[in-house]
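When reading the values below, keep in mind they use all heavy atoms of this one structure, side chains included, and skip hydrogens, waters and symmetry mates. Computed from a prediction, not measured in an experiment: that's the story for all the values here.
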2 protein chains.
Amino acid sequence: MADEVPYAPERIRELPSWLLGRAAARGHRLVAEALAAEGVRMMHHAVLASVAELGPVSQATLSRTLRVDPKEMVAIVRDLHSEGLVHRKPDPADQRKHAISLSPAGADLLSRTERLGAAANNALTESLTPAERGQLIDLLNRIIAPGR
Amino acid sequence: MADEVPYAPERIRELPSWLLGRAAARGHRLVAEALAAEGVRMMHHAVLASVAELGPVSQATLSRTLRVDPKEMVAIVRDLHSEGLVHRKPDPADQRKHAISLSPAGADLLSRTERLGAAANNALTESLTPAERGQLIDLLNRIIAPGR
DNA sequence: CGTTATCGTGGGGACTCCCCAACGATCGGA
DNA sequence: TCCGATCGTTGGGGAGTCCCCACGATAACG
């Protein structure tokens with residue numbers, strides 16, 4: 001039988017979709033490990049970062065902007081709210097909506113998790129030069145949203 | 001409250017890990033949709049492709065080479081075998097192992113699913129020039145396996 | 001005013017990634 | 001030759017992600 005091979009066979013490993021999946025998995029592992037030091041999950045961190053930038057903001061907007069299932073967003077915001085990391089108030093202008101905003105504790109945690117996330121991303125791209133990293137970001141953005 | 005925003009906030013969307021996740025998700029959607037035309041799931045296709053290139057090959061080797069949980073590989077190979085797409089025989093040299101090989105029906109299906117997969121990957125990278133696509137592949141390979 | 005859409009939230013499923021384990025087979029070293 | 005370590009297959013489980021559906025309350029639109 002064929003000896004063990006170190007990575008995917010040729011007809012697979014040259015497919016962008018496959019490579020993106022593998023690279024994304026490695027990125028996910030690195031970031032998740034880094035954020036675990038603060039007991040924060042990756043998507044919780046992303047929500048905190050989004051609330052920091054967009055708040056006050058509805059859960060539906062957060063779901064769309066982060067491409068997260070609205071039901072998962074309900075659970076994430078509930079977690080963050082129960083830990084005092086965000087405020088969740090009814091929107092006075094629209095009774096359907098909650099207005100999610102960052103609490104001081106959330107801002108404090110976010111400053112630490114952002115550094116952890118940045119370090120993990122640096123480890124992820126350590127084999128690239130800064131110019132190559134910029135190129136990668138550009139190429140990925142054009143894959144994600146071809147028309148933009 | 002903030003108007004709807006079309007994509008992730010700034011501090012998120014410039015992170016390679018985030019972009020890789022989004023790009024990978026789009027790649028996954030495109031390939032899964034394309035392969036659905038032949039009723040084949042993405043990982044089933046990857047296993048067929050791997051068996052075609054490496055066969056006869058053990059399930060453990062397939063798991064390692066494709067980075068799939070050994071338990072999922074058991075289920076995938078069982079599916080493929082029950083549909084007559086692979087042969088699964090005891091390895092005469094090592095009774096622990098199965099020797100997985102491609103059947104004629106599997107080869108036939110693979111030729112079609114490879115074209116579907118290629119078309120999906122072309123759609124995924126349609127906004128890149130061929131040179132840029134090559135660059136992307138190179139960058140992703142260096143992220144996946146920094147030392148290679 | 002009636003219709004359509006949205007928000008938040010709930011039900012579910014399938015898939016992926018991770019943990020653990022058991023059992024029989026194999027291999028290398030003493 | 002025996003024993004301990006490892007391998008391959010297969011099973012248990014959980015958590016997270018992505019997708020489907022639905023409902024009641026509210027808002028927007030014509």
Side-chain angles (χ1 to χ4, degrees), chain A residues 1-4 17-18 20-33 35-36 39-47 56-81 86 88-100, chain B residues 1-4 17-18 20-33 35-36 39-47 56-79 81 88-100:
Chain A
M1 220 184 306
D3 287 343
E4 177 182 338
S17 58
W18 182 264
L20 283 166
R22 295 288 101 223
R26 184 163 181 257
H28 191 282
R29 280 194 299 276
L30 286 172
V31 174
E33 281 168 16
L35 294 177
V40 170
R41 300 208 291 262
M42 197 162 144
M43 203 50 79
H44 287 61
H45 165 74
V47 170
V57 61
S58 71
Q59 293 175 178
T61 296
L62 287 170
S63 294
R64 283 190 296 272
T65 194
L66 292 174
R67 293 205 63 132
V68 168
D69 190 88
K71 184 162 73 174
E72 319 301 325
M73 185 58 69
V74 166
I76 292 168
V77 169
R78 182 185 293 139
D79 284 347
L80 294 173
H81 182 256
V86 297
R88 186 179 64 193
K89 295 167 179 163
D91 182 339
D94 188 331
Q95 288 175 359
R96 293 173 297 178
K97 290 175 172 175
H98 291 143
I100 314 298
Chain B
M1 220 183 305
D3 285 344
E4 177 182 339
S17 58
W18 180 265
L20 283 166
R22 295 285 102 227
R26 184 163 180 258
H28 191 282
R29 281 194 298 277
L30 286 172
V31 174
E33 283 168 14
L35 294 177
V40 170
R41 302 208 291 259
M42 197 163 145
M43 202 51 78
H44 287 62
H45 165 75
V47 170
V57 61
S58 70
Q59 292 174 177
T61 297
L62 285 171
S63 293
R64 284 191 295 273
T65 194
L66 291 174
R67 293 203 61 132
V68 167
D69 191 87
K71 183 163 73 174
E72 319 299 325
M73 185 58 69
V74 165
I76 292 168
V77 169
R78 180 185 292 137
D79 285 347
H81 181 257
R88 185 178 65 193
K89 296 167 181 164
D91 182 336
D94 188 333
Q95 287 173 2
R96 291 173 295 180
K97 291 175 171 175
H98 292 145
I100 314 297

Polar atoms only, N or O, under 3.5 Å: list the protein pairs with nucleotides 23-25 of chain C and their distances.
none

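- Residue contacts shown for B:R88 are absent, as no nucleic acid heavy atom lies under 4.0 Å away.
- Separating the NE2 atom of A:H44 from the P atom of D:dA15 is a distance of 13 Å, rounded to the nearest angstrom.
- Counting to the nearest Å, the C1' atom of D:dT17 and the CZ atom of A:R67 are 12 Å from each other.
- In this structure, the side chains of B:V74 and B:K71 stay at 4.5 Å or more apart for every pair of heavy atoms.
- In this structure, B:H81 places its NE2 atom 16 Å from C1' of D:dT10, rounding to the nearest Å.
- Residues B:L62 and B:V47 come closest through the heavy atom pair CD1-CG1, 4.3 Å.
- Among the nucleotides D:dT9, C:dC7, C:dG10, the one closest to any side-chain atom of A:A60 is C:dC7.
- The C1' atoms of five pairs define one axis at each end of the helix from C:dC1-D:dG30 to C:dA30-D:dT1, and these two axes lie 30° apart (to 10°).
- Applying the side chain to side chain contact (heavy atoms under 4.5 Å, CB included) test to A:A46 and every residue at least two apart in sequence or in another chain returns A:M43, A:L66, B:I12, B:W18.
- The side chain of B:R78 places no N or O atom within less than 4.0 Å of a non-bridging phosphate oxygen (OP1 or OP2) of D:dT9.
- Residues passing the side chain to side chain contact (heavy atoms under 4.5 Å, CB included) test with A:E72 are A:V68, A:D69, sequence neighbours excluded.
- Listed here is the closest heavy atom pair of B:A24 and A:A24: CB-CB, 3.7 Å.
- The nearest whole Å value for the distance from the CD atom in B:E33 to the P atom in D:dC18 is 15 Å.
- Between B:M73 atom CE and B:S63 atom OG the span is 4.5 Å, to the nearest 0.5 Å.
- When the side chain to side chain contact (heavy atoms under 4.5 Å, CB included) test is applied to B:R88, the partners found at least two apart in sequence or on another chain are B:Q59, B:V77, B:R78, B:H81, B:H98, B:I100.
- The environment of CZ in B:R29 is crowded: more than 12 heavy-atom neighbours from other residues, nucleotides or ligands sit within 6.0 Å.
- The NZ atom of A:K97 sits 6.0 Å away from the OG1 atom of A:T61 when rounded to the nearest 0.5 Å.
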For nucleotides 11-16 of chain C, print each protein N/O atom paired with a nucleotide N/O atom at under 3.5 Å, atom names and distance only.
unit_1	atom_1	unit_2	atom_2	d
C:dG11	N7	A:K71	NZ	2.9
C:dG11	O6	A:K71	NZ	2.8
C:dG12	N7	A:K71	NZ	3.1
C:dG12	O6	A:K71	NZ	3.0
C:dC15	OP1	B:R41	NE	2.8
C:dC15	OP1	B:R41	NH1	2.8

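- Rounded to a whole Å, the CG atom of A:D79 is 9 Å from the P atom of D:dG16.
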| field | Residue pair B:D79, B:R41: steps toward the side-chain contact (heavy atoms from CB on, under 4.5 Å) verdict | value | CA-CA 11 Å; B:D79 285 347; B:R41 302 208 291 259; 3.7 Å; yes
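- Comparing A:V74 and A:R29 against DNA chain C, the residue whose closest nucleotide sits nearer the 5' end is A:V74.
- Counting to the nearest Å, the C1' atom of D:dC7 and the CE atom of B:M73 are 16 Å from each other.
- If you measure from atom CZ of B:R64 to atom P of D:dC7, you get 8 Å, rounded to the nearest angstrom.
- The interatomic distance linking B:D91 (CG) with D:dT9 (C1') rounds to 13 Å, in whole Å.
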